[in-house]
2 protein chains.
Amino acid sequence: MTTLKDVALIAGVSRATVSLVCRGSPLVADKTRKKVEAAMQEAGYVYNRNAANLRSSQTNTVGLIIPDISNPVYAELLSGLEEVLDPLGKVVFVADTNELFERQSHFLQRLLEMRVDGLIISTVSGTPTSVLEPYRRENIPLVQVLRMIDGAPFDYAGINNRLGARQAADHLLQLGHRQIAFLGSLISPSVNRERYMGFCDAIERRGFSPASMPMITCRHTYGAAAQAAKTILADSRETTGLVCFNDIIAFGATLGLYELGLSPGYDVSVVGFDDVEAACNWRPPLTTMSIGARQLGKYAATLLAQRMEQPDLPVRTQFSEAKLQVRESSFPPRK
Amino acid sequence: MTTLKDVALIAGVSRATVSLVCRGSPLVADKTRKKVEAAMQEAGYVYNRNAANLRSSQTNTVGLIIPDISNPVYAELLSGLEEVLDPLGKVVFVADTNELFERQSHFLQRLLEMRVDGLIISTVSGTPTSVLEPYRRENIPLVQVLRMIDGAPFDYAGINNRLGARQAADHLLQLGHRQIAFLGSLISPSVNRERYMGFCDAIERRGFSPASMPMITCRHTYGAAAQAAKTILADSRETTGLVCFNDIIAFGATLGLYELGLSPGYDVSVVGFDDVEAACNWRPPLTTMSIGARQLGKYAATLLAQRMEQPDLPVRTQFSEAKLQVRESSFPPRK
DNA sequence: GCAAAAATTTGGATCGATCTAATTTTAAAT
DNA sequence: ATTTAAAATTAGATCGATCCAAATTTTTGC
């Protein structure tokens, strides 16, 4: 195992100088740098980050804890994060909790022990504030995304779910649909509640009764969503619009419609939520509420970066607005 | 920042003993352990992994480099890996190259510097053996999955692509289809070549000419695949079967069929490749070649674990067989 | 109760980098 | 040429754990 010392010996300089070269310091003269780099090459030197981290108490590592890696929203979020953190030399350590509280606790502890410079987290449903307490105590910058723990003293970047869902439902109502249903989530009860409330808001504002509109929850799989859509249409044949908890469920719903021989967008309109990349590639292209996951990731990373700079900034929580993205899965109802 | 020393002071024992407690050593007496644990609690102690790693040259970290996190195959692979590595106390550091060679090089270097205990990698198309050389030199266990670099001196766990694709095509031929097409990948040329050869094999063995069967490549998006399917059906109306490079493309193809007003499985049969979890949830449930991604992940992790134990084991390469999973997207052609 | 064996505990060296403050070298100004 | 300022380099302490061999305590057998 070759170390700084070996390289220093070959290059005929001190360990400190080699260290400076490793870190790309502007302090070393060009000539020396060349010499050292050649020596590194010759020695087959590999930088030891553990040693560096120990001394400098900076790991250039950021943790990301998410509940479901297979949901493309989080992949997009990650890509936004990296766009901001990469140039800062930070590398992102991703942990997928799979919506399990135990796993989340495990990763929280592990990342703490790794001394990440910061943490970005979308908490498992029902997480108490207390599990984040060690981060506050150790003064490790932490940003919540998409899911927020009530009253937790941390920055937050997410969207206004209630308003977004209201707009989604309103879009269908405005197109003339009079019987619409909400296809909700079994996985994320708290967010589901918000979005369902938004759905109800829209209906009430038009003077209709939410109670007359079907609502059904399902897991986030195509099969479950397809089944849910079929159930709704079987129960209330006159339904012409589906407001879905997210795009995954919307995708599944369209599959269910196809299976019934119906034409999504023509016979029954479908609106999703999230606007993942696949939404515009879907057939028919999916009308959905865009949350701008990439952008949100960039914003969350920025919040984190700023808090790393100034730990004493006041806590900031931002709810951005989801934007309606009209595509071909929604049309006025057939006469 | 509290350290072992602080805890030791409170508990009235030596640093070494506290260290043993941290690592769950059976050497310490029960009474002492209790005392130390209480002291840790009281001091709010957080284990410092960087310090530990430096001294012990074991990080209990395994790197995973994959080309596309949004492809569920890799999510399933990861879950298989974790199933084996978690009980060993190893944590997986996932890096998504997004099929970019530069990013791959960057992560390879970074993980080396982090001193991961091992690496599992699905290389970017066209990766030369040389970029893995440092891992051989540093004697870091490395296992390739799904994609193999010719002649690289590392363990490999993957599947027989050519045979798998042959079986996929053969399934359709056996059902009676006489005009079938191959919907290939633009993203992964080497694997695509293998699978296309398998497709041709099946056709030749039946005495037909592969040249008469359409073949078209596309990116891994629903939109691109839907378009490709439509192009094929426009060019050769008599096509009744589609063999797809993977499930994503197969999904897109069925969407294209729906869009044409055709009924996938009934009018045109579709076969995928991978058998991701969504395949059985698709509508119609997708006939596909199962590669058992989870199982493959478990196997790759086992290879890695074994090599960690015994670095001098001979190199092992295993090509398992993809298994045909017949579902409703394939039927005999209509008369 | 005592010697021998087994079980626990421990001090001090060590891992490989960074930090600090001081020293040496080079360049600029007189 | 000499002084001064700026640039580049460096020695030695340090980060917080683990390792090792030795010291201590407890248990066992007779």
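Every chain is numbered from 1 and lettered A, B, ... according to where its sequence line falls, protein lines coming before strand lines.
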Round to the nearest Å and state the distance from [X] atom [atom1] to [N] atom [atom2].
X      : N      : atom1 : atom2 : result
B:K31  : D:dT25 : NZ    : P     : 13 Å
A:L4   : D:dA11 : CG    : C1'   : 14 Å
A:N50  : C:dT14 : CG    : C1'   : 15 Å
A:Y45  : C:dG16 : OH    : C1'   : 7 Å
B:K35  : C:dT10 : NZ    : C1'   : 13 Å
A:M114 : D:dC15 : CE    : P     : 22 Å
B:N48  : D:dC15 : CG    : C1'   : 8 Å
A:E113 : D:dG16 : CD    : P     : 15 Å

Backbone N/O of [Y] and side chain of [X]: donor-acceptor pair under 3.5 Å:
X     : Y      : value
B:T97 : B:I66  : yes
A:T59 : A:R115 : yes
B:S79 : B:A75  : no

By nearest nucleotide on DNA chain C, pick out whichever of B:L27 and A:C22 is the more 5' one. B:L27
How do A:M1 and A:A16 order along DNA chain C: which one's closest nucleotide is nearer the 5' end? A:M1
From the set [options], return the single nucleotide nearest to any side-chain atom of [X].
X     : options                : answer
B:R55 : C:dA13, D:dA11, C:dT9  : C:dA13
A:Y47 : D:dA17, C:dT9, C:dA17  : C:dA17
A:L20 : C:dT8, D:dG16, D:dT9   : D:dT9
B:L54 : D:dA17, C:dC15, D:dA11 : C:dC15
A:A51 : D:dA13, C:dG16, D:dA11 : C:dG16

Under 30°, 30 to 60°, or over 60°: which ring-plane class applies to B:F93 and A:F93, parallel, tilted or perpendicular? perpendicular
For A:A52, which contact category applies under a 4.0 Å heavy-atom criterion: base, sugar-phosphate, or nothing? sugar-phosphate
Sugar-phosphate only, base, or nothing, as touched by B:A29 at under 4.0 Å among non-hydrogen atoms: sugar-phosphate
Just to confirm, is there a sub-4.0 Å distance from OP1 or OP2 of [N] to any side-chain nitrogen or oxygen of [X]?
X     : N      : answer
B:T32 : C:dT8  : no
A:S14 : D:dT10 : yes
A:T17 : D:dT10 : yes
A:R23 : C:dC19 : yes

Applied to residues 38-57 of chain A, the side-chain hydrogen bond (donor to acceptor under 3.5 Å, both in side chains) test, sequence neighbours excluded, yields A:R49-B:E113, A:N50-B:N53, A:N53-B:N50
Between A:R103 and B:E82 (salt bridge meaning N to carboxylate O under 4.0 Å), is one present in this structure? yes
